[in-house]
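Written below as structure tokens is the structure these notes are about.
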Amino acid sequence: MTAADRNKKMRAMFGGLDPQTLAQQASDDVVPRPTPNPAPAEKRVSSGAVRSMQGAFSAIESENDKLRQQLLDTEQVVDIDPGEIDPSFVSDRIAVDNDPEFDAFVESINQSGQQVAILVRPSPTTPGRYQVAYGHRRLKAAKRLGRPVKAIVRSLSDDELVVAQGKENSERANLSFIEQALFALTLKEKKFQRATIAASLGRGDEKGLAYISILTGLAAALPQELVRAIGPATNSGRPKWEALAKQIRNAAMNETQKKLFAQLAESDAWKRAASDRRLDLARRMFESRDKPSKPEATQLAPGIDWRRAKGKTHITIDEKVSPGLAQWLEGRMAEIIAQFEEERQ
């Protein structure tokens with residue numbers, strides 16, 4: 001309310017008298033001094049009326065203070081220099097090089113502007129800076145375009161930040177399965193409660209708590225460098241990642257697997273492949289390596305080969321080289337077995 005508006009209201013309350021005149025009269029009541037007799041037409045306001053006026057002024061000022069505080073507390077979208085905003089203390093995405101989807105996203109913001117504000121909090125460590133809760137892609141796009149980012153500033157605890165960060169992404173269906181798993185594992189390692197982790201992924205029921213254990217267990221079983229090299233694999237779910245985890249021991253590739261993966265990562269097929277395809281390539285590489293090769297045969301005599309594999313023994317007789325041998329063994333097999341049993345006992 002402006003001073004002019006307030007004066008108009010006060011004149012209406014006190015018969016059109018000017019507030020300054022009233023204030024002078026109030027002073028006269030407190031410190032008496034000789035004054036001329038008022039003209040008959042003048043109106044004299046009592047000290048009680050003046051006190052009432054002062055109370056009204058106080059009430060108006062109090063309401064103004066309340067209104068100012070409400071305006072300060074109201075969340076507004078403001079423009080912030082992206083250089084003043086730090087990333088969240090926990091990452092929820094796997095970076096992808098040469099991401100065509102992100103390039104299209106940046107171009108969309110360039111053409112149509114930023115439609116949805118990001119959420120930030122005042123930095124808990126550096127005055128004058130902010131920390132983003134969600135909207136990392138929009139922040140990154142603003143940095144690339146060299147323009148301010150539209151943001152809502154809200155005071156958030158660490159728990160509130162990760163819940164807002166994860167829930168916004170889960171509701172927008174932006175996080176892949178493996179990104180959810182890595183996000184959950186990072187929060188667990190930072191000592192967040194399982195209920196908070198579940199809430200951050202939009203899973204607050206008992207099944208959600210069990211699901212968090214599945215996510216963190218699987219993420220812990222996979223080498224981080226391998227997962228990040230593969231990428232988010234947005235179209236691949238739990239079964240494929242579990243299959244990959246089963247081929248790795250103690251969350252680390254052995255020396256043979258490291259060499260194989262290094263060769264794979266340098267191949268043109270890997271460099272051209274999207275993230276989901278890279279996951280398939282890695283799984284197949286480890287599967288083919290894990291398959292036991294056929295053991296080499298031992299030659300007992302010309303035309304007779306002996307091979308053992310998986311607890312079974314195979315004897316191969318080339319009848320062209322040793323004609324009649326197979327028939328001879330068949331006729332004496334019962335006798336040979338009986339002799340073996342007798343000697344074993």
* Determine, using the 4.5 Å side-chain heavy-atom cutoff (strictly less than), whether V153 and V132 are members of one ILVMFWY cluster. => yes
* Asked: Can R283 and D280 be counted as an ion pair, charged N to O under 4.0 angstrom?
  -> yes
* 4.5 Å side-chain heavy-atom contact, P148 and I80 -> no
* Asked: Can you tell me if S176 uses its side chain to pair, donor with acceptor, with the backbone of P232 under 3.5 Å?
  -> yes
* To do: Would you check if there is a donor-acceptor pair between the side chains of S123 and Q131 at a distance under 3.5 Å?
  => no
* Over-ring placement of R121 relative to Y130, 6.0 Å and 45° cut-offs -> no
* To do: State the CD-CD1 distance between E225 and I230, to the nearest 0.5 angstrom.
  => 10.5 Å
* Asked: Looking only at atom types and distance, does a side-chain atom of N250 sit under 3.5 Å from a main-chain N or O of A252, one as donor and one as acceptor?
  -> no
* Check A326 against I317 and note the closest heavy-atom contact, atom names and distance. => CA-CD1, 4.0 Å
* Given the rule in the side chain to side chain contact (heavy atoms under 4.5 Å, CB included) test, do F177 and K240 qualify, once you have shown the distances and angles that lead to the verdict? -> CA-CA 10 Å; F177 172 83; K240 287 187 176 181; over 6 Å; no
* What's the spacing between R154 CZ and L161 CG if we round to 0.5 Å? -> 10.5 Å
* Measure the shortest side-chain to side-chain distance between D318 and D305 over non-hydrogen atoms and say whether it is less than 4.5 angstrom. => no
* To do: Could you state whether L182 and I248 fall into the same hydrophobic cluster, counting links through intermediate Ile, Leu, Val, Met, Phe, Trp or Tyr residues with side-chain heavy atoms under 4.5 angstrom apart?
  => yes
* **Residue pairs passing the side chain to side chain donor-acceptor pair (under 3.5 Å) test where at least one lies in residues 209-220, sequence neighbours excluded** => R194-S213
* **Residue pair A233 / S275: nearest heavy atoms and the distance that separates them** => N-OG, 2.7 Å
* Quick one: list whatever passes ring pair (Phe, Tyr, Trp, His ring centres under 6.0 Å) with F261, sequence neighbours left out. => W270
* Within 45 degrees of the axis of the six-membered ring of F89 and under 6.0 Å from its centre: does K190 put its NZ or CZ there? -> no
* Test side chain to side chain contact (heavy atoms under 4.5 Å, CB included) on L329 and I315 and set out the steps. => CA-CA 11 Å; L329 285 173; I315 299 175; 5.6 Å; no
* Asked: Measuring from R284:CZ to L279:CG, what's the distance to the nearest 0.5 Å?
  -> 10.0 Å
* Verify same cluster id: L218, F192 (apolar side-chain graph, 4.5 Å) -> yes
* Asked: Can you tell me if CZ on R238 sees more than 12 non-hydrogen neighbours from other groups inside 6.0 Å?
  -> no
* Identify the heavy atoms of A251 and A220 that sit nearest to each other, and give their distance. => CB-O, 3.1 Å
Identify all side-chain donor-acceptor contacts of residues 106-120 below 3.5 Å with residues at least two apart in sequence or on another chain.
residue, atom, partner, partner atom, Å
E107, OE2, Q111, NE2, 2.7
N110, OD1, R147, NH2, 3.2
Q114, OE1, K150, N, 2.9
Q114, NE2, V116, O, 2.9
Q114, NE2, K150, O, 2.9
Q115, NE2, S112, O, 2.7
Q115, NE2, G113, O, 3.4

* Step by step, would you call F183 with T186 a side chain to side chain contact (heavy atoms under 4.5 Å, CB included)? -> CA-CA 5 Å; F183 182 54; T186 302; 5.6 Å; no
* Asked: Where do L215 and L185 land on the side chain to side chain contact (heavy atoms under 4.5 Å, CB included) test, with the steps shown first?
  -> CA-CA 7 Å; L215 288 176; L185 179 61; over 6 Å; no
* So, K191 and D158, do they make that salt bridge, N to O below 4.0 Å? -> no
* To do: Evaluate the salt bridge (charged side-chain N to carboxylate O under 4.0 Å, His left out) criterion for residues R144 and D103: first the C-alpha distance (whole Å), next the side-chain angles of each, then the deciding distance (0.1 Å), finally the verdict.
  => CA-CA 10 Å; R144 180 182 292 188; D103 294 338; 3.0 Å; yes
* Asked: Going hydrophobic residue to hydrophobic residue with side-chain gaps under 4.5 angstrom, can you get from F105 over to L139?
  -> no
* Is a side-chain donor or acceptor of E266 paired with a backbone partner of Q263 at a separation under 3.5 angstrom? -> no
* Structure fact -> Taking every heavy atom of Q224 against every heavy atom of A219, the minimum-distance pair comes out as NE2-O, 3.9 Å
* Closest contact, heavy atoms only, H136 versus A133 -> CE1-O, 3.8 Å
* Asked: Distance from L201 atom CG to I197 atom CD1, nearest 0.5 Å?
  -> 8.5 Å
* Structure fact -> dist D276:CG -> L281:CG (nearest 0.5 Å) comes out at 11.0 Å
* Interatomic spacing from CD1 in I178 to OG1 in T234 - rounded to 0.5 Å -> 12.5 Å
* Does CD belonging to Q327 count more than 12 external heavy atoms closer than 6.0 Å? -> no
* Cluster link I85 to V78, ILVMFWY, side chain under 4.5 Å -> yes
* For R249 against Q247, the heavy-atom pair lying closest together -> NH1-C, 3.8 Å
